[in-house]
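Numbers restart at 1 for each chain; the letters A, B, ... are given by sequence-line order, proteins then strands. Side-chain atoms are counted along with the backbone in the values below, which use heavy atoms only and exclude waters and symmetry mates. Owing to the predicted nature of the structure, the values given are computational and were not obtained by experimental measurement.
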2 protein chains.
Amino acid sequence: MVLAAEQEYLSLIAPELPEILVRRYRLLRKIYYSAPIGRRSLASYFKMGESVLRKETDLLREQGLIAVETRGICLTSSGESLVTAITPYIKSFLGLTVLEEKLSGLLKVKRVIVVTGDLENDEVVLLEMGRAAAKILRKCLKPHMVLAVSGGTSCAAVSHMLSESGGPSGITVVPARGGLGEDVDYQANTIAARVAQKLKANYRLLHLPDSLSQDALDMLLREKKIKEILDLINTARILVHGIGTAEEMARRRGAGTEEMKRMNEEGAVGEVFGFFFNTRGEIVDSIPSLGLYLEDLGNRVDNVIVVAGGRKKAEAIIAVVGNHPRDLLVTDEAAAKRILELYGHKEGETIYPNSNGIKI
Amino acid sequence: MVLAAEQEYLSLIAPELPEILVRRYRLLRKIYYSAPIGRRSLASYFKMGESVLRKETDLLREQGLIAVETRGICLTSSGESLVTAITPYIKSFLGLTVLEEKLSGLLKVKRVIVVTGDLENDEVVLLEMGRAAAKILRKCLKPHMVLAVSGGTSCAAVSHMLSESGGPSGITVVPARGGLGEDVDYQANTIAARVAQKLKANYRLLHLPDSLSQDALDMLLREKKIKEILDLINTARILVHGIGTAEEMARRRGAGTEEMKRMNEEGAVGEVFGFFFNTRGEIVDSIPSLGLYLEDLGNRVDNVIVVAGGRKKAEAIIAVVGNHPRDLLVTDEAAAKRILELYGHKEGETIYPNSNGIKI
DNA sequence: ATCATGCGGGTCTTTTTTTATCCCATTTTT
DNA sequence: AAAAATGGGATAAAAAAAGACCCGCATGAT
C-alpha cells in the first residue's frame with residue numbers, strides 16, 4: 001500500500017492524476033464485468049462522446065491492457081491482473097481506506113468495505129460490492145451452518161459474484177424473508193437457491209407472500225412445512241442482507257397516501273426483511289407475517305453481512321447498521337461519503353477532495 | 001519508498017504520468033535553484049513555448065507550490081518541502097534507484113547516487129549533483145582530517161552546494177592538483193578555498209602551473225613551501241574529484257593534432273588530476289609536474305568521492321571509477337544510462353522506458 | 001534621482017487538437 | 001438468412017492551445 005504522503009505529493013504535482021486514474025479504472029472495471037463490449041455501448045454507458053472513449057481505448061490498447069476484437073473489447077490477461085491488483089491502490093489513493101476506518105468507528109461495525117464509485121451511475125459498482133461481500137462470505141462459512149440471505153439487488157449481486165467453486169459441506173441456504181411482489185431475480189428465495197447452487201449446498205425455500213391477513217398467516221403457520229423452514233431460518237448462523245430505503249418501501253407497499261403518511265410519522269427510513277427502522281435504529285413497523293419469528297434474527301446469528309450502496313441509502317444504512325451489531329458493511333463511495341456527511345464530518349485532509357464528483 | 005509494482009501499475013494505466021511528473025519536477029527544481037526567475041527565462045531555459053510554460057506555472061500556482069510575484073517566480077514553503085520530499089520518489093519512479101544498485105555492482109563502487117536529468121541540457125542537474133555529493137562529504141568528515149579537492153565544474157558545484165554551517169574542527173582543505181589555464185572558478189585552488197570557507201576550515205594552496213618543464217619543476221620542488229603542501233596533500237584522507245573526458249583534455253592541452261593523435265593511440269578517455277586513463281583503467285599518460293607525488297593518491301586515501309555527469313562522461317567514468325576502488329560516485333541520469341548501455345545491458349523491465357528522452 | 005531593463009499579465013490571431021457524427025464492411029448473434 | 005452490433009475510417013464543427021504581441025510596474029544600475 002502506498003503511503004498517504006506520497007499520494008498527496010502526487011496529487012499536488014499532478015492534480016490531473018486522480019481524474020485520469022479513476023476514469024481508466026472505471027473503464028477497465030466495466031470491461032472486466034461486461035466483456036466483450038463494443039465502443040458504442042461503453043460510450044453510452046459512461047455518457048461520453050464516442051471519440052473521447054475511442055481515445056481512451058486506443059491508449060489502453062497500446063498499453064496492452066485491452067484487446068479490441070470484432071466481437072468487442074476484452075481485457076487482456078495483463079489488463080485483468082492490473083485491474084485486480086490496482087484496486088487496493090486506487091482505494092487508498094481516493095482515501096477510501098481511511099474512509100473505511102472512519103465509518104467502522106462511527107457505525108460501530110467491525111469492518112467496512114468501501115468500493116470505488118457510485119452505484120447510482122455505474123451499475124458495475126453493484127457487482128463490485130457483490131464480489132467483495134461474496135469473498136468475505138466464503139471466509140465465514142463453516143460446515144453444517146445455516147446461511148440466511150435476504151432479497152434485493154444487492155444480495156442478488158452477491159449471489160451472482162460468488163464463484164462456483166463449492167463450499168464447506170452440509171451448508172444450508174435459506175431465505176431471510178418471504179416472497180415479495182417483485183422481479184423474481186431479486187426475491188430472497190431465488191437468491192438463496194442461486195447461492196446454494198454456487199456453494200453446492202442445500203437450500204430450503206419459504207413460500208410466503210408479502211402481505212397476508214393475520215388469519216391466513218395463522219393458518220399457514222400451522223402448516224408443518226412452513227413451521228419447519230421458519231425454525232430452520234431461526235437457526236441461521238450467518239445472515240446476508242441488503243437495506244431498503246423509505247422511498248423503495250413506499251413504492252413497494254403501494255404508494256397509498258395513507259401508508260406514506262404513516263411512514264413519515266413513524267420516521268421510518270430503512271427496511272430489512274420486513275422491519276422498518278427510524279434514524280435512531282428503532283423498529284417502528286413491520287410486515288406482520290414474519291414479525292414474530294424473525295424479529296431478532298439479526299441479533300442471534302454469528303455473522304451479519306450488510307450490502308448496500310448508493311447515496312440514497314446512506315440514511316437507511318445509518319439507521320440499520322449504526323445502531324446494531326454488524327460484522328461487515330459493504331458499501332460504495334457515494335454512500336460512504338454521504339454517511340460521513342450525515343454524521344456532520346467535513347471532508348477533511350485525509351479524504352481526497354477531487355475524488356468526489358469525478359465523471360468518466 | 002513506493003513499491004516497484006505500483007510504479008508499473010501507474011505507468012500502465014496512466015502512461016502520461018511519468019512525463020508530467022518529470023516536467024513539473026524539473027520545473028520546480030529549476031525554480032528552487034534560480035528563484036526568483038521569470039516566465040520568459042524559464043521558457044527559454046527549457047526550450048519551450050512561453051504559453052506552454054505559462055500553463056504549467058498557472059497550474060503550479062493554483063496548487064500553491066509556487067508564488068509568482070513581480071520580481072519573478074519563487075517556490076512557496078510547501079513547494080520547497082515538496083521538491084525535496086518528492087526527490088526520492090521521482091528517483092524511484094524513474095528507476096534510478098535500481099539503476100544506482102546496478103551501477104554499484106558493475107563499477108564496484110560502494111555507493112552510486114544518480115540524479116534525475118541530464119547535465120548537458122539542464123544546468124541545474126550539476127547543482128543537484130553537487131548537493132548530493134556535499135551531503136555525503138559532510139558525513140565523511142572527521143576532526144583534523146585533510147580533505148583534497150580537485151578542479152572542474154563538478155567540484156565547483158560541490159563547493160557551492162556545501163552549506164555554510166561549519167564542520168568538524170581542524171579540517172584542512174587542499175587542492176588535489178595545480179592550477180590549469182582555466183577559469184578561476186573551476187581551479188582546484190579556488191574550490192579548495194571555498195570549501196574551506198564553507199566548512200570554516202583551514203586551507204593551503206598549491207601554486208603550480210599546469211604545464212611545466214622538468215627543470216622548472218625540479219627547481220620548484222626544492223622550494224620548501226611547495227614540498228610542504230605536496231606532502232600535506234599526500235596525507236589527505238578524503239578526496240573529492242571530477243573526471244575529465246578525452247575531448248576536454250585535448251581542447252585544454254591545446255588542440256594540437258599531434259597531441260590528439262597521441263591521445264588516440266594511447267586510448268586515453270578519462271582524466272583525473274593530471275593522469276590519463278584508457279578504458280581498462282590503466283594510466284597511459286600524465287602531466288609530468290605532479291606525477292611523482294600524486295600518482296596513487298586515489299589509492300591511499302580513506303574516502304574517494306567522484307562527481308561526474310553527462311552522457312559524454314560515461315566512458316571516462318567507466319575508465320576511472322570502474323577499475324579503481326572508489327566509495328561514492330555521484331552522477332546523473334544521462335551518464336548512468338549510458339554507462340549501463342556501454343556495459344552492454346539493455347534497458348529492461350525495472351528501468352522505466354519512458355524516463356529517457358523526456359523533454360520538459 | 002533617473003533611466004533602462006525585465007517582469008507578470010493581459011489580449012489577439014493563428015494553428016492545432018479535440019469533439020461529435022456519420023458511414024461502411026465485417027462479424028456475431030438471433 | 002436476417003438482424004444487430006462491432007471496429008475502423010472520414011469529415012465538419014468546435015474548442016483549445018500556441019505564439020506573438022503590448023502595457024504598466026517594480027527593480028536595479030547609473
Side-chain angles (χ1 to χ4, degrees), chain A residues 14-17 19-24 26-80 123-124 358-360, chain B residues 14-17 19-24 26-80 123-124 358-360:
Chain A
E16 57 272 68
L17 179 62
E19 190 189 321
I20 294 176
L21 223 51
V22 171
R23 186 182 343 131
R24 306 249 164 91
R26 287 186 65 192
L27 194 51
L28 287 175
R29 191 171 64 175
K30 173 63 181 172
I31 296 170
Y32 174 79
Y33 281 110
S34 308
I37 183 172
R39 271 190 329 221
R40 305 232 205 314
S41 318
L42 281 174
S44 75
Y45 182 85
F46 287 114
K47 296 178 185 65
M48 64 204 292
E50 193 185 318
S51 64
V52 182
L53 185 121
R54 190 186 302 209
K55 205 168 24 175
E56 287 294 318
T57 56
D58 283 353
L59 184 139
L60 291 175
R61 185 172 39 78
E62 276 166 28
Q63 294 297 110
L65 297 175
I66 60 176
V68 318
E69 295 158 28
T70 165
R71 13 190 313 258
I73 299 172
C74 300
L75 291 188
T76 63
S77 62
S78 77
E80 213 161 308
E123 299 158 19
V124 160
I358 287 178
K359 286 187 180 174
I360 186 159
Chain B
E16 57 272 67
L17 179 62
E19 190 190 320
I20 295 176
L21 224 51
V22 171
R23 186 183 342 131
R24 306 250 164 91
R26 286 186 64 193
L27 194 50
L28 287 176
R29 192 171 62 176
K30 173 64 180 171
I31 296 170
Y32 174 79
Y33 281 111
S34 309
I37 183 172
R39 272 190 328 220
R40 301 214 216 309
S41 320
L42 282 174
S44 75
Y45 182 84
F46 288 115
K47 296 179 185 63
M48 64 203 292
E50 193 186 317
S51 65
V52 182
L53 184 121
R54 189 188 302 214
K55 207 167 22 174
E56 288 294 319
T57 56
D58 283 353
L59 185 139
L60 291 175
R61 185 172 39 76
E62 276 167 28
Q63 293 298 110
L65 298 174
I66 61 176
V68 317
E69 295 158 27
T70 166
R71 24 193 297 265
I73 298 173
C74 300
L75 291 188
T76 63
S77 61
S78 77
E80 212 160 309
E123 298 157 19
V124 161
I358 287 179
K359 287 188 178 175
I360 188 159

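Between the C1' atom of C/dG9 and the CD atom of B/E50 lies a distance of 10 Å, rounded to the nearest Å. Note: OH (A/Y45) to P (D/dA5) measures 18 Å, nearest angstrom. Spacing between atom CZ of B/R40 and atom P of C/dG8 amounts to 7 Å, rounded to whole angstrom units. Going from atom CD1 of A/I31 over to atom P of D/dT6 covers 12 Å, rounded to whole Å. Between B/D58 atom CG and C/dG9 atom P the separation is 8 Å, expressed in whole Å. Going from atom CZ of B/R39 over to atom P of D/dC21 covers 16 Å, rounded to whole Å. Rounded to whole angstrom, the span from the CD1 atom of B/I73 across to the C1' atom of C/dG6 amounts to 13 Å. Across the protein-nucleic acid pair, B/L53 atom CG and C/dG8 atom C1' stand 12 Å apart, rounded to whole Å.
Proximity of A/K55 to the phosphate of C/dT17: no side-chain N or O atom is located under 4.0 Å from OP1 or OP2. Between D/dT6 and A/S41, a contact under 4.0 Å exists linking OP1 or OP2 to a side-chain N or O.
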Listed pairs under 3.5 Å, donor-acceptor, residues 68-75 of chain B side chains, sequence neighbours left out:
unit_1	atom_1	unit_2	atom_2	d
B/E69	OE1	B/R71	NH1	3.4

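At most 12 heavy atoms of other shown residues, nucleotides or ligands fall within 6.0 angstrom of atom CD in B/E123.
Summarising the geometry of B/K30 relative to B/F46, their closest heavy-atom pair is CB-CZ, 3.6 Å, with the distance given to 0.1 Å.
B/T70 comes within 4.0 angstrom of the backbone, heavy atoms only, and of no base. Using a 4.0 Å heavy-atom cutoff across all strands shown, A/L42 reaches no nucleic acid atom at all. Contact annotation for A/E69: backbone-only contact, meaning every heavy-atom pair under 4.0 Å involves sugar-phosphate atoms and none involves a base.
Side chain of B/S34 to main chain of B/I31: no donor-acceptor pair is present (N/O by atom type, distance under 3.5 Å, no hydrogens or angles).
Side-chain atoms of B/S51 and base atoms of D/dA17 include no donor and acceptor less than 3.5 Å apart. Between the side chain of B/R71 and the base of C/dG8, no donor-acceptor pair of N or O atoms lies under 3.5 Å.
We find that B/D58 and B/R61 are joined by a salt bridge, their nearest charged nitrogen and carboxylate oxygen being less than 4.0 Å apart.
Candidate nucleotides D/dA20, D/dG19, C/dC22 were compared by shortest atom distance to the side chain of B/R54, and D/dA20 ranks first.
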